[in-house]
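To start, the structure under review is shown below, and the notes come after it.
Naming: A, B, ... by sequence-line order, numbering from 1 per chain.
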Amino acid sequence: MEKKITLYNTLTQKSEELVPREKNKIKMYVCGPTVYDSAHLGHARAAVTFDVIERFLSHVGFEVTYVRNFTDIDDKIINRANETGIPAHEISEKYIEEYREDMASIGVKRPTVEPKVTEHVPEIIDLIERIIGNGYAYQSGDDVFFAVKKFKGYGKLSKRDPDDMLAGTRIDINEKKEDPLDFALWKGAKPGEPFWESPWGRGRPGWHIECSTMSMKYLGPSFDIHGGGKDLIFPHHENEIAQSEAATGKEFARYWVHNGLIQINREKMSKSVGNILNVRDAVTMWNREAIRLFFLSHQYLNPADFSDTTMGESEAALERLYITLKRAKDQRKNKNADDSELAGAAASFGRKWVETMCDDFNTADAIGNLFELTRAVNRSIDSRGWSPALEAALKEIGHFGKTLGILEYEPEEYLQTIKLQKKSAGITEDEIEELIKERNSARSDKNWKRADEIREELSSRGILLEDKSEGTIWRVKG
RNA sequence: GGCGGCGUAGCCAAGUGGUAAGGCAGCGGUCUGCAAAACCGCAAUGCCCCGGUUCGAAUCCGGGCGCCGCCUCCA
């Protein structure tokens, strides 16, 4: 392992070389969902982003410990419980289950550890006591607050000056706080709310403290990468830093990595706009690999605008890759002398995609390299069929695909079976084969009229035919 | 008001000092019974605008214009 990896660090606002605290090991914590509702595309993009970062770091030889939490007790869950009459823990369990299914449905691997807040309350209480002991937090009634102004580094992540932060904001004035900027580490329970016993009475953890507790429990007081969506920079991550460093006196996370947000048809995706797209709905409309390819065709730092048009383009791009993969596999019998040009292109792609990924996980750039190799592959197939170089190119494409979590189907499976379920007008593979047989006998009789009728009929039902020298093949259009 | 970011062909999108990747759509050609796929070629003389630095800028600096995110729960 001697790859030099650079990544953009929100904390320093610069690209920096990734230097792990422990040689060859990366410890990474990513904020997971608060489980009170179904996962949406924003969760999906964050999960895919860090999934690919994890896969790539592993690919180049790091041993990655990846922690992603579930926030399973929180005001939003309690509100949902009050609205529905369903106990809070049942709500959170339900959406944890859903989240796992949804992420699996878009090929996101499970992290090393997925801790839940409710299983770490004793550790949370310990951490709060340390913060109080160090003079950075105070009890007020049955709540505990973090004293923001006492922590000199407050604002260093989000580049805010605490002294300026009150002007024009909507910070709620709570007379239990010594300063309006202070935030809750522990919240006393109101009647009927879930609670745990604590030195300050019955209550529950505030938002933020759980991530400090669980990241430090599994990764140590100082670790390498802390990630999440850009929307978490303030206040969540700012507060995590303050709490954690107030407790330990040590640097918390070294590299702060934030993925850009999703827009839907050029609008912010939000509950108030009413345009939230859930993962479970999205996967009924588009193939999961097309969704991943869509995300990964954007540099993770930038926003990504999701729409029928942009998704259609991703599906078309994915299709081009699979068509090429299928062409390549169909050449197996057609062995020929090696193709030095393709051999060079394959080797150069192998180097380039890794280099490109080393430069801040630039999947979009690397995908560009992939399409250049795709052209070289097709050119070689046209001129000489199968060759050792083709084999090498496919192998390299496989490595890259595996890192991105795409191109994992058999080409026929993708082009036929999978798309048939989604796109075609109720036709079976057997019916298609039957019509192809009939058409081919018409073709051998030079009955072009009948042959074209059959092509037309299949076309109107979403099936596209291609007459190859080896025979007629088909795939689902669109 | 404060902080951060973005503006590259019809659309999507890389590229952050060395002379514009890639995908989709389009046009011309080869191939084909016709198609499709594939390949070849064409397509931004220029990267929002105006100045500046430099041998050289989409890339750096200054000033505009436009758009967006965060500052409240949020991936």
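B:U19 is unpaired under the criterion used here, namely a Watson-Crick or G-U wobble arrangement in which both key atom distances are under 3.5 Å. In this structure, B:G1 forms a base pair with B:C71, meeting either the Watson-Crick or the G-U wobble geometry with both donor-acceptor distances under 3.5 Å. With a cut-off of 3.5 Å on both Watson-Crick or G-U wobble distances, the partner of B:U45 is given as none. In a base pair of the Watson-Crick type (N1 to N3 plus N6-O4 or O6-N4) or a G-U wobble (N1-O2 and O6-N3), with each distance short of 3.5 Å, B:C60 is matched with B:G52. The pairing partner recorded for B:A38 is B:U30, the criterion being a Watson-Crick or G-U wobble arrangement whose two distances lie under 3.5 angstrom. Applying the Watson-Crick and G-U wobble criteria (two distances, each under 3.5 Å), B:C6 pairs with B:G66.
The side chain to side chain contact (heavy atoms under 4.5 Å, CB included) with A:Thr472 is formed by just one residue from the set A:Glu466, A:Arg439, A:Arg455; it is A:Arg439. For the side chain to side chain contact (heavy atoms under 4.5 Å, CB included) with A:Val117, the qualifying choice from A:Ile209, A:Val35, A:Ile124 is A:Ile124, the only one to do so.
Backbone-only engagement by A:Asn302 is indicated by non-hydrogen atom pairs under 4.0 Å involving sugar-phosphate atoms exclusively. A:Lys230 comes within contact range of no nucleotide atom at all, as no heavy-atom separation falls under 4.0 Å. Among the heavy atoms of the strands lying under 4.0 Å from A:Leu465 is at least one base atom, whether or not backbone atoms are also near. Backbone-only engagement by A:Gly229 is indicated by non-hydrogen atom pairs under 4.0 Å involving sugar-phosphate atoms exclusively. The residue A:Arg327 sits close only to the backbone: its heavy atoms come under 4.0 Å of sugar-phosphate atoms, none of a base. Among the atoms of the strands shown, base atoms are found under 4.0 Å from some heavy atom of A:Leu261. Nucleic acid contact for A:His40: base, since at least one base atom lies under 4.0 Å from a heavy atom of the residue.
Here A:Arg204 pairs with A:Asp75 in a salt bridge; the nearest charged N to carboxylate O distance falls below 4.0 Å. Using a cutoff of 4.0 Å between basic side-chain nitrogens and carboxylate oxygens, A:Arg68 and A:Asp51 are not scored as salt-bridged. We find that A:Lys149 and A:Glu178 are not joined by a salt bridge, their nearest charged nitrogen and carboxylate oxygen being 4.0 Å or further apart. Salt bridge A:Arg450/A:Glu453: present, at least one basic N to carboxylate O contact under 4.0 Å. The pair A:Lys176-A:Asp143 meets the salt-bridge criterion, since a charged nitrogen lies less than 4.0 angstrom from a carboxylate oxygen.
Here A:Arg266 reaches the OP1 or OP2 of B:C12: one of its side-chain N or O atoms lies under 4.0 Å away. Taking 4.0 angstrom as the limit, A:Asn362 places none of its side-chain polar atoms (N or O) nearer than this to OP1 or OP2 of B:A14. Under 4.0 angstrom from either OP1 or OP2 of B:C40 there lies at least one side-chain N or O belonging to A:Arg379. Between A:Lys468 and B:U32 there is no side-chain polar atom (N or O) within less than 4.0 angstrom of OP1 or OP2.
Residue whose closest nucleotide on RNA chain B sits further toward the 5' end, between A:Gln299 and A:Ile262: A:Gln299. The residue among A:Thr310 and A:Asp382 whose nearest nucleotide of RNA chain B lies closer to the 5′ end is A:Thr310.
Here the C1' atom of nucleotide B:C34 and the NZ atom of A:Lys446 are 13 Å apart, to the nearest Å. In this structure, the CZ atom of A:Phe295 is 16 Å from the C1' atom of B:A13, given to the nearest Å. The distance from atom NE2 of A:His258 to atom C1' of B:G4 is 12 Å, rounded to the nearest whole Å. Rounded to whole Å, atom C1' of B:A14 lies 14 Å from atom CG of A:Leu293. The separation between A:Asp308 atom CG and B:C12 atom P is 15 Å, rounded to whole Å. Put simply, CZ on A:Arg439 is 11 Å from P on B:G33, counting in whole angstrom units. In this structure, CG of A:Leu181 is placed 14 Å from P of B:C71, rounded to the nearest angstrom. Protein atom CH2 of A:Trp286 is 16 Å distant from nucleotide atom P of B:C12, rounded to whole Å.
Look at the P atom in both B:C3 and B:G46: the space between them is 36 Å, to the nearest Å. Of the P atoms belonging to B:G64 and B:C71, the separation is 27 Å, rounded to the nearest Å. Comparing the C1' positions of B:A9 and B:U45 gives a spacing of 13 Å, expressed to the nearest Å. Atom name P, nucleotides B:C61 and B:G5: the rounded distance is 11 Å, in whole Å. For the P atom pair drawn from B:C67 and B:C73, the interatomic distance equals 28 Å after rounding to whole Å. Comparing B:A36 with B:A25, their P atoms sit 12 Å apart, to the nearest whole Å.
Candidate nucleotides B:G2, B:C39, B:G4 were compared by shortest atom distance to the side chain of A:Gln13, and B:G4 ranks first. The A:Asp359 side chain lies nearest to B:U16 when the options are B:A14, B:U16, B:A38. In this structure, the nucleotide among B:C24, B:A37, B:C68 sitting nearest to the side chain of A:Gln263 is B:C68. In this structure, of B:C39, B:A36, B:A75, it is B:A75 that holds the atom nearest to the side chain of A:Asn259.
Between A:Tyr414 and A:Tyr322, the angle of the ring planes stays under 30°, which puts this pair in the parallel group of the 30/60° scheme.
Side-chain atoms of A:Asp467 and base atoms of B:C34 include a donor and an acceptor less than 3.5 Å apart. For A:Arg455 against B:A35, a side-chain-to-base donor-acceptor contact under 3.5 Å is present. Counting atom types as modelled, A:Asp452 pairs a side-chain N or O with a base atom of B:G33 as donor and acceptor under 3.5 Å.
A:Gln416 places a side-chain N or O within donor-acceptor distance of the main-chain N or O of A:Trp474, the cut-off being under 3.5 Å.
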_Strictly under 4.0 angstrom, non-hydrogen atoms only: write out the protein contact profile of nucleotides 17-22 of chain B, one letter per nucleotide from the 5' end, B, S or -._
----BS

_Audit row: A:Arg443, A:Asn440, side chain to side chain donor-acceptor pair (under 3.5 Å) steps and yes/no_ = CA-CA 5 Å; A:Arg443 288 173 74 216; A:Asn440 279 339; 2.9 Å; yes

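Other residues, nucleotides and ligands place more than 12 heavy atoms under 6.0 Å from the NZ atom of A:Lys477.
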